[in-house]
Participant: 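Dropping the structure in here first, questions after.
In what follows, residues are counted from 1 in the order of the sequence shown.
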Amino acid sequence: MMKYDEIHIEDLEIYARHGVFPEETKLGQRFIVSVILYTNTRKAGTTDELECSIDYGSVSHFITRFMQENTYKLIEAAAENLVEALLFEYPLLTGVTLELKKPWAPIGLPLKYASVKISRFWHRAYLGMGSNMGDKKAYLDGAIEALNKIKGCQVEKVSEYLVTKPYGGVEQDDFLNACAQIKTLLSPEELLDVLHEIEKEAHRERIVRWGPRTLDLDILLYDDVVMETDDLIIPHIEMELRDFVLKPLSEIAPNLRHPVSKKTVTQMLKELQ
């Protein structure tokens, strides 16, 4: 994990209504929240201006309101939704570690508290997009629109759409290709599921490998992750051999480095050409 500066809020006490039992949600109880806010405090430190940092007073009030205005059965759900809300509310936040303590946990035994502690960060992913059936531009436009509607995803950049010849030797129409840079809270596996769902909505059918398709969405890169499962390989296999990937990717991230070869997108494109 990258090194970030930290702002700490320790043991914020909140009276709220979360729990499995009816008396917990009706009568309420005490919760204790501690957070670590990961950010870059350099600008705030050199300018001494509050707007350059994250106001821990504002964050404390936000946490209190969120805990009091929402009700969850599980503290795991309360923590997950609170962290996500913080990451969306404060643009300077890169990540959050949160511990939610429940001192009056109703288990019938003496204990100090039960708690859950989670860490969540924004991730940056790069997607390859393609279509060679029907209204190709409309399919790509629709995919961008759908991504922006997904909770935990924000499209940051999209390349120009590029007309390319089909890859893989199957006789078919030319493709319209593009790449997108997104900011996401989703794991690689969760993001893949989202992309498959968007393809499904576009009536994508996986009949012929490298065959025609209404919409093709691939995860090219995800942070510096290198992984291989039965369903997902990151970085995308053979991306360095595909100009229909490298050309649009070079528009939005020319200096982005491949986590294995360490070559930039610009370097890979020059070598391919």
Participant: Determine whether Leu140 and Leu215 satisfy the following criterion, side chain to side chain contact (heavy atoms under 4.5 Å, CB included), listing intermediate values before the conclusion.
Facilitator: CA-CA 7 Å; Leu140 296 188; Leu215 183 63; 3.9 Å; yes
Participant: Are Glu160 and Lys247 ion-paired here, with the side-chain N under 4.0 Å from a carboxylate O?
Facilitator: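 Answer for the salt bridge query: no.
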Participant: Would you name the heavy atoms of Leu186 and Tyr222 that are closest together and state the gap between them?
Facilitator: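 Where Leu186 meets Tyr222 most closely, the heavy atoms are O-OH, 2.6 Å.
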Participant: What about Ile75 and Leu27, same hydrophobic cluster or not, with Ile/Leu/Val/Met/Phe/Trp/Tyr joined at side-chain heavy-atom distances under 4.5 Å?
Facilitator: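 Looking at the clustering, Leu27 is in a separate group from Ile75.
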Participant: Using the test ring pair (Phe, Tyr, Trp, His ring centres under 6.0 Å), find all partners of Tyr113 that sit at least two apart in sequence or belong to another chain.
Facilitator: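 Per chain and number, Tyr113 pairs via ring pair (Phe, Tyr, Trp, His ring centres under 6.0 Å) with no residue.
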Participant: So which atom in Pro248 and which in Leu162 form the shortest heavy-atom distance, rounded to 0.1 Å?
Facilitator: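 Taking every non-hydrogen atom into account, CD-CD2, 4.0 Å.
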Participant: Roughly how far, to the nearest 0.5 Å, is CG of Leu147 from CG of Leu127?
Facilitator: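 With rounding to 0.5 Å, CG (Leu127) is 6.0 Å from CG (Leu147).
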Participant: Determine, step by step, whether Glu271 and Lys263 satisfy the salt bridge (Lys or Arg N to Asp or Glu O under 4.0 Å) criterion, reporting the C-alpha distance in whole Å, the side-chain angles of both residues, the deciding distance to 0.1 Å, and the verdict.
Facilitator: CA-CA 10 Å; Glu271 290 179 4; Lys263 295 177 181 177; 2.9 Å; yes
Participant: Can a donor-acceptor pair be found, under 3.5 Å and without considering hydrogens, that links the side chain of Glu190 to the backbone of Ser187?
Facilitator: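 Looks like yes, one N/O pair under 3.5 Å.
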Participant: Looking only at heavy atoms, which two atoms of Thr25 and Arg17 are closest? And how far apart?
Facilitator: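 Minimum heavy-atom separation between Thr25 and Arg17: O-CD, 3.0 Å.
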Participant: Could you tell me the separation between the CD atom of Glu6 and the NZ atom of Lys3, rounded to the nearest 0.5 Å?
Facilitator: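 If I round to the nearest 0.5 Å, the distance is 8.5 Å.
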Participant: Any heavy-atom pair between the side chains of His18 and Glu24 that's under 4.5 Å?
Facilitator: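 SC-SC contact between Glu24 and His18 ruled out.
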Participant: Could you list the residues that satisfy side chain to side chain contact (heavy atoms under 4.5 Å, CB included) with Glu76, not counting sequence neighbours?
Facilitator: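 With neighbours one apart ignored, the set is Leu74, Val116.
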Participant: Remaining members of Leu109's ILVMFWY cluster at a side-chain heavy-atom cut-off under 4.5 Å?
Facilitator: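 Besides Leu109, the hydrophobic cluster comprises Ile107, Leu111, listed by chain and residue number.
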Participant: Calculate, to the nearest 0.5 Å, the distance between atoms CG and OG1 belonging to Leu269 and Thr264 respectively.
Facilitator: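 Atom-to-atom, Leu269:CG and Thr264:OG1 are 9.5 Å apart.
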Participant: I'd like a table of donor-acceptor pairs (distance under 3.5 Å, sequence neighbours excluded) in which one partner is a side-chain atom from residues 225-235, with atom names and distances.
Facilitator:
{"from": "Thr229", "atom 1": "OG1", "to": "Asp231", "atom 2": "N", "distance (Å)": "3.2"}
{"from": "Thr229", "atom 1": "OG1", "to": "Leu232", "atom 2": "N", "distance (Å)": "3.0"}
{"from": "Thr229", "atom 1": "OG1", "to": "Leu232", "atom 2": "O", "distance (Å)": "3.3"}

Participant: Only one of Leu176, Thr164, Leu249 passes side chain to side chain contact (heavy atoms under 4.5 Å, CB included) with Phe244; say which it is.
Facilitator: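 By the side chain to side chain contact (heavy atoms under 4.5 Å, CB included) criterion, Phe244 pairs with just one of Leu176, Thr164, Leu249: Thr164.
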Participant: Could you check Phe175 against Met133 for side chain to side chain contact (heavy atoms under 4.5 Å, CB included), going step by step and ending with a plain yes or no?
Facilitator: CA-CA 8 Å; Phe175 272 83; Met133 293 178 67; over 6 Å; no
Participant: Rounded at 0.5 Å granularity, tell me how far NE2 in His258 sits from CG in Leu246.
Facilitator: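 Going from NE2 on His258 over to CG on Leu246, the span is 9.5 Å.
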Participant: What do you reckon, is CG of Asp11 surrounded by more than 12 foreign heavy atoms closer than 6.0 Å?
Facilitator: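 Counting other residues, nucleotides and ligands, CG of Asp11 exceeds 12 neighbours.
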Participant: Please determine whether the number of non-hydrogen atoms from other residues, nucleotides or ligands lying under 6.0 Å from atom OH of Tyr15 exceeds 12.
Facilitator: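 It does: Tyr15 OH has more than 12 such atoms within range.
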Participant: Is there a side-chain contact between Phe21 and Pro106 in this structure, where contact means two heavy atoms from C-beta onward sitting under 4.5 Å apart?
Facilitator: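 Yes, side chains in contact.
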Participant: Within a 6.0 Å radius of atom CG on Asp224, are there more than 12 heavy atoms belonging to other residues, nucleotides or ligands?
Facilitator: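 No, CG of Asp224 has 12 or fewer neighbouring heavy atoms, counting only those of other groups under 6.0 Å.
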Participant: Are any of the side-chain heavy atoms of Gln181 and Arg124 separated by less than 4.5 Å?
Facilitator: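 Yes; the side chains approach each other to less than 4.5 Å.
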Participant: Report, one line per pair, each donor and acceptor closer than 3.5 Å where one atom sits in a side chain of residues 79-87; sequence neighbours left out.
Facilitator:
{"from": "Glu80", "atom 1": "OE1", "to": "Arg120", "atom 2": "NE", "distance (Å)": "3.4"}
{"from": "Glu80", "atom 1": "OE1", "to": "Arg120", "atom 2": "NH2", "distance (Å)": "2.8"}
{"from": "Glu80", "atom 1": "OE2", "to": "Arg120", "atom 2": "NE", "distance (Å)": "2.9"}
{"from": "Asn81", "atom 1": "ND2", "to": "Ala77", "atom 2": "O", "distance (Å)": "2.8"}
{"from": "Glu84", "atom 1": "OE2", "to": "Lys151", "atom 2": "NZ", "distance (Å)": "3.1"}

Participant: Is there a side-chain contact between Ile36 and Ile7, using heavy atoms and a 4.5 Å cut-off?
Facilitator: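 The answer is no; the side chains never approach within 4.5 Å.
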Participant: So, Thr39 and Tyr90: side-chain donor and acceptor under 3.5 Å apart, yes or no?
Facilitator: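 No, Tyr90 and Thr39 have no side-chain donor paired with an acceptor closer than 3.5 Å.
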Participant: Show me the pairs that pass salt bridge (Lys or Arg N to Asp or Glu O under 4.0 Å) and involve residues 30-47, at least two apart or across chains.
Facilitator: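 For residues 30-47, and leaving out neighbouring residues, the salt bridge (Lys or Arg N to Asp or Glu O under 4.0 Å) pairs sorted by first residue read Glu13-Arg30.
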Participant: Do Leu93 and Ile182 sit in one hydrophobic cluster, given that two such residues count as connected whenever their side-chain heavy atoms are within less than 4.5 Å of each other, even indirectly?
Facilitator: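 They do not share one cluster, since no chain of ILVMFWY contacts under 4.5 Å joins Leu93 to Ile182.
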Participant: If you count the non-hydrogen atoms of other residues, nucleotides and ligands that lie under 6.0 Å from NZ in Lys117, is the total more than 12?
Facilitator: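 No - once you tally the heavy atoms of other residues, nucleotides and ligands closer than 6.0 Å, there are 12 at most.
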Participant: Can you tell me how far the CD1 atom of Ile14 sits from the CZ atom of Arg65, to the nearest 0.5 Å?
Facilitator: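 These two atoms lie 11.0 Å from each other.
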Participant: Nearest heavy-atom pair of Ile219 and Leu192: which atoms, and what distance?
Facilitator: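 Reported closest heavy-atom pair: CD1-N, 3.9 Å.
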Participant: Between the main-chain N or O of Leu220 and the side-chain N or O of Asp218, is there a donor-acceptor pair closer than 3.5 Å?
Facilitator: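 The answer is no, because no donor-acceptor pair under 3.5 Å joins these two groups.
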Participant: Hey, any chance Val59 and Trp122 share a hydrophobic cluster, counting ILVMFWY side chains that come within less than 4.5 Å of each other, even indirectly?
Facilitator: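 Yes; Trp122 is reachable from Val59 via cluster members.
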Participant: Please find the pair of heavy atoms, one from Ala253 and one from Tyr126, that lie closest to each other, and give the distance.
Facilitator: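 Minimum heavy-atom contact is CB-CE2, 3.7 Å.
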Participant: Is the backbone of Ala44 close enough, under 3.5 Å, to the side chain of Thr41 for a donor and an acceptor to pair up by distance?
Facilitator: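 The answer is no, because no donor-acceptor pair under 3.5 Å joins these two groups.
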Participant: Output the distance between atom CG (Leu12) and atom NE2 (His61), rounded to the nearest 0.5 Å.
Facilitator: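 Taking CG in Leu12 and NE2 in His61, the distance rounds to 9.0 Å.
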Participant: Which is it for Lys136 and Asp174 under the salt bridge (Lys or Arg N to Asp or Glu O under 4.0 Å) test, yes or no, and what are the steps along the way?
Facilitator: CA-CA 10 Å; Lys136 305 170 191 177; Asp174 287 346; over 6 Å; no
Participant: Hey, any chance Leu100 and Ile9 share a hydrophobic cluster, counting ILVMFWY side chains that come within less than 4.5 Å of each other, even indirectly?
Facilitator: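 Yes; Ile9 is reachable from Leu100 via cluster members.
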Participant: Checking Thr214 side chain against Ala202 main chain: does a donor-acceptor pair fall under 3.5 Å?
Facilitator: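 Yes; at least one donor-acceptor contact below 3.5 Å.
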Participant: Check Gly130 against Asn177 and note the closest heavy-atom contact, atom names and distance.
Facilitator: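 It is CA-ND2, 3.5 Å.
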Participant: Applying the 4.5 Å side-chain criterion to the ILVMFWY set and letting contacts propagate, would Met129 and Ile237 be lumped into a single cluster?
Facilitator: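 No, it is not one cluster - the side chains of Met129 and Ile237 are not joined through contacts under 4.5 Å.
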Participant: Where do Tyr38 and Thr97 land on the side chain to side chain donor-acceptor pair (under 3.5 Å) test, with the steps shown first?
Facilitator: CA-CA 8 Å; Tyr38 298 99; Thr97 292; 3.0 Å; yes
Participant: For Tyr161 and Asp141, does a side-chain donor sit closer than 3.5 Å to a side-chain acceptor?
Facilitator: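 Tyr161 vs Asp141: donor-acceptor pair found between side chains.
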Participant: If you measure from the Lys or Arg side-chain nitrogens to the Asp or Glu carboxylate oxygens, is any gap between Arg242 and Glu238 under 4.0 Å?
Facilitator: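 Here Arg242 pairs with Glu238 in a salt bridge, since their nearest N and O are under 4.0 Å apart.
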Participant: One pair to check against side chain to side chain donor-acceptor pair (under 3.5 Å): Ser34 and Glu99. What are the steps and the verdict?
Facilitator: CA-CA 5 Å; Ser34 295; Glu99 184 173 16; 5.4 Å; no
Participant: Do Asn148 and Cys153 make a side-chain contact, defined as non-hydrogen atoms from C-beta onward lying under 4.5 Å apart?
Facilitator: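 Sidechains of Cys153 and Asn148: no contact.
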Participant: Any non-hydrogen side-chain atom of Lys101 less than 4.5 Å from a side-chain atom of Phe31?
Facilitator: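 No, too far: nothing below the 4.5 Å cut-off.
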Participant: So do Glu199 and His196 actually touch side chain to side chain, heavy atoms under 4.5 Å?
Facilitator: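 Counting from C-beta outward, His196 and Glu199 do come under 4.5 Å.
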Participant: Check for a donor-acceptor pair, side chain of Thr266 on one end and backbone N or O of Pro254 on the other, with a separation under 3.5 Å.
Facilitator: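 Looks like yes, one N/O pair under 3.5 Å.
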Participant: Does the side chain of Asp193 come within less than 4.5 Å of Leu191's, by heavy atoms?
Facilitator: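 Answer no - side chains too far apart.
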